Amino acid sequence: MREPVLVPRLQPFTSTIFAEMTALAVKHEAINLGQGFPDTDGPAAMLDAARDALYGGANQYPPGPGRPELRAAIARHRSRYGTEYDPDTEILVTAGATEAIAATLLALTQPGDEVIVIEPYYDSYAAAVALAGAERRVVGLAEGPDGRFGLDADALRAAVTPRTRAILVNSPHNPTGTVFTRAELAAVAALCVEHDLIAITDEVYEHLVFDDTEHIPLVTLPGMRSRTVSISSAGKTFNCTGWKIGWVCATPELVAAVKAAKQFITFVSGGPLQPAVAHALDHELTWVDGLRDSLQEKRDRLAAGLADAGFAVRRTAGTYFVCVDVRPLGFTDAAELAWELPGRAGVAAVPVKVFTDHPEEWKHLLRFAFCKRNEVIDEAITRLRKLG
């Protein structure tokens with residue numbers, strides 16, 4: 001019998017830094033600041049709504065597009081940005097944003113197409129493009145002298161070819177924490193309109209922006225309503241990353257295409273959790289305001305501690321993450337330090353270069369997560385001071 005072999009396009013994705021770093025953190029009893037999920041639960045009323053649905057009979061398959069009350073709540077939520085969606089034809093509930101992105105790429109791209117991905121990128125993007133049989137073209141963010149990572153509009157324009165089908169835009173951005181400005185998004189929109197491209201936007205951190213920074217959905221810019229697949233989820237907004245409830249918002253034609261792919265991946269998911277997310281979208285955004293304020297304080301707390309430990313801290317305007325330059329500590333490769341940190345200091349972090357196609361350009365940066373309880377952050381800082 002022939003030995004089973006993973007197809008070549010998926011072989012680069014057989015393991016992840018997260019699994020390996022988690023194992024190392026457990027071995028050394030390290031504080032894992034590489035993990036991008038919180039260590040506290042979301043609003044109590046949302047959890048109560050999930051319990052009530054679980055014990056109230058919502059345990060069978062929900063409708064394929066998602067429960068109607070959740071789709072209606074998503075439509076109301078998106079209207080906050082001035083964009084109206086028909087909950088019956090323009091919204092699809094998915095198993096988190098990761099499935100939404102994969103299903104969108106499977107539905108809308110094919111072998112021979114190119115997808116522009118902004119580097120560094122969330123690791124599932126490359127795998128999803130490969131699954132679709134398309135090719136990724138990477139455009140790197142520019143690291144400015146002020147510590148902000150910005151979009152290089154000229155490099156983005158140069159990446160467009162006759163084969164370009166779509167561009168994948170993540171703002172607020174993981175792993176750098178940058179939030180694209182209106183001018184940066186306008187440059188993306190202009191290219192999409194000029195070259196008839198589909199925009200796929202990952203907006204899972206849409207509520208987690210700091211210092212009066214504004215999250216601007218790309219779909220709100222001129223010419224983008226008919227060509228944008230807007231993706232978000234409940235996980236980051238309501239501290240329920242394990243629920244995996246996400247959604248797609250787009251025109252009826254685009255949603256129908258994504259649904260055709262999605263129905264053969266998970267079919268449906270999270271039946272008793274969907275009413276709880278609907279409740280949260282309608283009633284718990286004040287709780288989210290408090291979460292955002294708390295995370296801004298945690299960002300400042302961790303950034304100050306990292307600077308005190310000798311790192312050069314980069315600016316973070318959103319998400320869960322802060323990036324640091326390891327060179328002031330005498331390291332040239334953050335990955336080398338990342339593998340040493342759990343045993344040497346009892347803290348785990350993730351090197352940014354693992355999120356890139358050009359690791360040499362990003363090898364000096366390390367990513368830490370600040371979505372942890374204050375006492376966890378403080379203990380991590382105490383341990384990291386041993387590096388100085």
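Please read all numbers here as calculations on a predicted model, not as lab measurements.
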field: Separation between CD1 of I200 and CG of N170, rounded to the nearest 0.5 Å
entry: 12.0 Å
- request: Step by step, work out the salt bridge (Lys or Arg N to Asp or Glu O under 4.0 Å) result for D333 and R327.
  value: CA-CA 8 Å; D333 190 336; R327 290 175 294 190; over 6 Å; no
message: Side chains of V326 and L365, heavy atoms from C-beta outward: is any pair under 4.5 Å?
response: no
P342 side chain reached by K27 side chain, heavy atoms, under 4.5 Å: no
- request: Quick one: closest heavy-atom pair of A103 and A261, and the distance?
  value: O-CB, 3.6 Å
message: Checking the side chain of T161 only, and the main-chain atoms of R163 only, is there a donor and an acceptor separated by less than 3.5 Å?
response: yes
- prompt: Judged by modelled atom types alone, do D202 and Y125 share a side-chain donor-acceptor pair under 3.5 Å?
  reply: yes
- prompt: Do R137 side-chain atoms and A159 backbone N/O form a donor-acceptor pair below 3.5 Å?
  reply: yes
message: Assess the residue pair R292 and D289 against the criterion (salt bridge (Lys or Arg N to Asp or Glu O under 4.0 Å)); give the C-alpha distance rounded to whole Å, side-chain angles, the decisive distance to 0.1 Å, and a yes or no.
response: CA-CA 5 Å; R292 180 179 58 248; D289 291 340; 3.0 Å; yes
- prompt: Between the side chain of T22 and the main-chain N/O of A19, is any donor-acceptor distance below 3.5 Å?
  reply: no
- prompt: Is any NZ, NE, NH1 or NH2 atom of the basic residue among D48 and R51 found under 4.0 Å from an Asp or Glu carboxylate oxygen of the other?
  reply: yes
field: NZ/NE/NH1/NH2 to OD/OE distance under 4.0 Å, R157 and E194
entry: yes
query: Under the side chain to side chain contact (heavy atoms under 4.5 Å, CB included) criterion, do C371 and L295 qualify, and how do the steps go?
result: CA-CA 7 Å; C371 50; L295 285 170; 4.1 Å; yes
Which atom of P87 lies closest to which atom of R71, heavy atoms considered: O-NH1, 2.9 Å
- prompt: Would you say R136's side chain and V117's backbone share a donor-acceptor pair under 3.5 angstrom?
  reply: no
task: Show the numbers, then the answer: is there a salt bridge (Lys or Arg N to Asp or Glu O under 4.0 Å) between E90 and R225?
output: CA-CA 11 Å; E90 296 188 306; R225 176 63 171 83; 3.0 Å; yes
message: Are L221 and I216 packed together at the side-chain level, in the sense that at least one heavy-atom pair is separated by less than 4.5 angstrom?
response: yes
field: Side chains of D282 and R76 in contact at under 4.5 Å (non-hydrogen atoms)
entry: yes
- request: Give a yes or no answer on whether the side chain of N59 reaches the backbone of L54 with a donor-acceptor pair at less than 3.5 Å.
  value: yes
query: Under 3.5 Å, is there a donor-acceptor pair linking the side chains of W339 and E20?
result: no
- request: Report the C-alpha distance between E184 and R148 in whole Å, list the side-chain angles of each, state the deciding distance to 0.1 Å, and finish with yes or no for salt bridge (Lys or Arg N to Asp or Glu O under 4.0 Å).
  value: CA-CA 13 Å; E184 289 170 329; R148 180 182 182 270; 2.8 Å; yes
field: Nearest heavy atoms of S233 and V204, plus distance in Å
entry: OG-CG1, 3.6 Å
query: Which pair of non-hydrogen atoms, one from Q11 and one from L6, has the smallest distance, and what is that distance?
result: NE2-O, 2.7 Å
message: Using only atom types and a distance under 3.5 Å, with no angle test, would you say the side chain of T109 pairs donor to acceptor with the backbone of L105?
response: yes
- prompt: Taking it one step at a time, do V115 and E135 satisfy side chain to side chain contact (heavy atoms under 4.5 Å, CB included)?
  reply: CA-CA 6 Å; V115 179; E135 299 176 25; over 6 Å; no
message: What I'd like to find out is whether the side chain of T213 reaches to under 4.5 Å of the side chain of F210, using heavy atoms alone.
response: no
query: Does any donor atom in the side chain of E143 or H364 lie under 3.5 Å from an acceptor atom in the other side chain?
result: yes
- request: Could you tell me whether Y320 and Y205 have their ring centroids closer than 6.0 angstrom?
  value: yes
task: Quick one: closest heavy-atom pair of A250 and V229, and the distance?
output: CB-CA, 4.1 Å
query: Is I116 close to L156 at the side-chain level, that is, under 4.5 Å between some pair of heavy atoms?
result: yes
query: Shared ILVMFWY cluster between V193 and I167, side chains joined below 4.5 angstrom?
result: yes
query: Any donor-acceptor pair under 3.5 Å linking the side chain of T178 with the backbone of F149?
result: yes
message: Using a 3.5 Å distance criterion without hydrogens, assess whether the side chain of R165 forms a donor-acceptor pair with backbone atoms of L108.
response: yes
message: So, taking the atom named CG in L366 and the one named CG in L329, what distance separates them when rounded to the nearest 0.5 Å?
response: 10.0 Å
query: When hydrophobic residues are tied together by side-chain contacts of less than 4.5 Å, even through go-betweens, does V376 share a cluster with L24?
result: no
query: Between atom CG of D308 and atom CD1 of I381, what is the distance when rounded to the nearest 0.5 Å?
result: 8.5 Å
- prompt: Any chance the rings of Y122 and F355 have centres within less than 6.0 Å?
  reply: no
- prompt: What's the shortest heavy-atom distance between V209 and P172, and which atoms?
  reply: CG1-CG, 3.5 Å
message: Is the terminal nitrogen or CZ of R367 (NZ for Lys, CZ for Arg) located under 6.0 angstrom from the six-membered ring centre of F321 and within 45° of that ring's axis?
response: yes
message: Can you tell me how far apart OG1 (T237) and NE2 (H207) are? Round to the nearest 0.5 Å.
response: 5.0 Å
message: Do D152 and L141 have side chains that approach each other closer than 4.5 Å (heavy atoms only, starting at C-beta)?
response: no
- request: Can you measure from OG (S294) to CH2 (W287) and round to the nearest 0.5 angstrom?
  value: 9.0 Å
Same cluster (ILVMFWY, side-chain, under 4.5 Å), L92 and V268: no
- request: Say whether T356 and E361, considering side chains only, have a donor N or O and an acceptor N or O under 3.5 Å apart.
  value: no
statement: In K262, K259, K244, the residue satisfying salt bridge (charged side-chain N to carboxylate O under 4.0 Å, His left out) with E99 is K262
- prompt: If only atom types and distance count, is the side chain of K298 paired as donor or acceptor with the main-chain N or O of K372 below 3.5 Å?
  reply: yes
Greater than 12 external heavy atoms within 6.0 Å of E375's CD: yes
task: Flag yes if F311 and L302 sit in one hydrophobic cluster, no otherwise; membership is Ile, Leu, Val, Met, Phe, Trp, Tyr, and two members link when side-chain heavy atoms are under 4.5 Å apart.
output: yes
message: Set out, in order, the CA-CA distance, both residues' side-chain angles and the distance that settles side chain to side chain donor-acceptor pair (under 3.5 Å) for D357 and Y121, then state yes or no.
response: CA-CA 9 Å; D357 285 11; Y121 49 77; 2.4 Å; yes
Whether Q110 side chain and G133 backbone form a donor-acceptor pair below 3.5 Å: no
statement: Rounding to 0.5 Å, atoms CG (L197) and CZ (R227) come to a distance of 7.0 Å
task: Side-chain contact test, heavy atoms from C-beta onward, threshold under 4.5 Å: evaluate it for L273 versus M46 and give yes or no.
output: no
- request: Could you walk me through whether L384 and F368 pass side chain to side chain contact (heavy atoms under 4.5 Å, CB included), step by step?
  value: CA-CA 12 Å; L384 288 168; F368 290 88; 4.0 Å; yes
message: Under 3.5 Å, is there a donor on one side chain and an acceptor on the other for S232 and E206?
response: yes
task: Starting from the C-alpha separation in whole Å, work towards a yes-or-no answer on side chain to side chain contact (heavy atoms under 4.5 Å, CB included) for V93 and V248.
output: CA-CA 6 Å; V93 177; V248 167; over 6 Å; no
- prompt: When the ring centroid of F180 is compared with that of H215, is the distance short of 6.0 Å?
  reply: no
